[in-house]
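Some notes on the structure that comes next.
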Amino acid sequence: MATPPKRMCSQPDLDSSFEKRVKKISIEGNIAAGKSTFVQLLERESEEWEVIPEPIGKWCNIQTTDNEYEELTTSQKSGGNLLQMLYDKPSRWSYTFQTYACLSRIRAQLQPHSAKLQQAEHPVKFYERSVFSDRYVFASNLFESGDLNETEFSIYKDIHSWLFSQFEDKLELDGMIYLRADPERCMQRLKSRGREEEQGIPLEYLENLHHKHECWLYNRTTRLDFEYLKEIPILVLDVNDDFKNDRIKQQSIADKVKEFLSTL
Ligand SMILES: Nc1ncnc2c1ncn2[C@@H]1O[C@H](COP(=O)(O)OP(=O)(O)OP(=O)(O)O)[C@@H](O)[C@H]1O
Ligand SMILES: Nc1nc(=O)c2ncn([C@H]3C[C@H](O)[C@@H](CO)O3)c2[nH]1
């Protein structure tokens with residue numbers, strides 16, 4: 001007996017109306033500017049706010065299933081730590097890293113909304129970075145430093161644009177928050193956090209990334225390939241000051257975020 005065709009279980013109208021109601025905000029900023037610290041603060045602020053962290057765990061622990069070869073591959077020697085491989089040998093691993101970062105960010109952004117969020121009256125989802133930081137900050141910088149060659153950068157951009165076009169309605173953001181910190185301050189925080197893979201990063205790399213962020217999110221002079229990004233509202237917050245142990249500063253930051261959300 002032929003099996004009947006599978007029925008669609010989703011409720012498109014309900015899904016799309018909820019999808020439109022969720023405000024989607026990305027948190028942008030240099031390495032160790034304080035994004036994770038900032039989103040922890042946001043998570044405590046409202047039950048209706050949810051955070052999607054950067055998928056760094058995936059980049060530091062790539063799973064391999066292939067035991068066919070006796071000799072260890074570079075990836076196995078690094079224990080499948082793509083972030084380590086990138087920082088050890090950027091000219092070899094930048095292309096792999098950028099395409100994987102792009103894929104894993106899109107995947108993270110396509111995860112279904114949690115039950116808690118679906119019950120919220122004013123749901124807000126904050127993403128630690130976005131597919132756009134990937135392209136306009138990191139990949140662009142690696143191209144300028146020569147670690148991505150022209151062919152690699154072109155293929156990466158082609159993949160990026162195509163993937164974005166396929167999932168556009170789910171990937172579009174309503175706003176961005178730029179956590180602005182001096183590269184020297186980021187270096188100080190990077191050292192004090194002590195993530196092993198990052199300890200060889202020179203100040204110059206953070207200065208270059210800072211410049212990329214400034215052109216894109218502060219001066220808004222970066223040439224963008226996505227129309228809606230040119231007009232997207234951006235809240236710029238100076239995070240040079242220590243707000244980690246200061247309730248008053250934390251409240252002031254949370255108020256600025258609330259005010260920003262109310263304008264979207
Ligand atoms: N405003 C702040 N004042 C003082 N220390 C801070 C502040 N924000 C973050 N830190 C500290 O700086 C370090 C880096 O912060 P955090 O991990 O939040 O950065 P990040 O932007 O998420 O980094 P990454 O780009 O690697 O994801 C941590 O040790 C954190 O405790
Ligand atoms: N090359 C490159 N491309 C990215 O898209 C990207 N996103 C994050 N990172 C690095 C910064 C921190 O070390 C660490 C955690 O943010 O990962 C990236 N590096």
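The first residue in the sequence is number 1, and the count goes up from there. Whatever order the structure lists them in is the order used to number ligands and atoms, beginning at 1. The figures here come from the full heavy-atom set of this structure, side chains too, leaving out hydrogens, waters and symmetry mates.
Checked for salt-bridge contact, E128 and K35 miss the test: no charged N lies under 4.0 Å from a carboxylate O.
The hydrophobic clustering, which links ILVMFWY residues whose side-chain heavy atoms are closer than 4.5 Å, places I232 and V137 together.
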Which pairs of nitrogen or oxygen atoms, taken one from ligand 2 and one from the protein, are under 3.5 angstrom apart?
from, atom 1, to, atom 2, distance (Å)
ligand 2, 1 (N), Q98, OE1, 2.7
ligand 2, 3 (N), Q98, OE1, 2.7
ligand 2, 3 (N), Q98, NE2, 3.2
ligand 2, 5 (O), Q98, NE2, 3.2
ligand 2, 5 (O), R105, NH2, 3.0
ligand 2, 7 (N), R105, NH2, 2.7
ligand 2, 13 (O), Y87, OH, 2.7
ligand 2, 13 (O), E198, OE2, 2.5
ligand 2, 16 (O), E54, OE1, 2.6
ligand 2, 16 (O), R129, NH1, 3.0

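Going from atom CD of Q166 over to atom CG of L171 covers 10.5 Å, rounded to the nearest 0.5 Å.
Enumerated by chain and number, the residues approaching ligand 1 to less than 4.0 Å through a heavy atom are N30, I31, A32, A33, G34, K35, S36, T37, E54, E128, R129, R189, R193, R195, E198, D241, D242, F243, K244.
In this structure, R180 satisfies the cation-pi test against Y218, with its NZ or CZ atom closer than 6.0 Å to the six-membered ring centre and inside 45 degrees of the ring normal. A cation-pi geometry, defined here as NZ or CZ lying under 6.0 Å from the six-membered ring centre and within 45° of its normal, holds between K157 and F153.
Separation of the F132 and F226 ring centroids falls under the 6.0 Å cut-off.
Side-chain contact between I177 and F38 is present, with at least one heavy-atom pair separated by less than 4.5 Å. Put simply, the side chain of T96 reaches to within 4.5 Å of the side chain of R92, judged on heavy atoms. Here the side chains of Y156 and D134 are in contact, with some heavy-atom distance below 4.5 Å.
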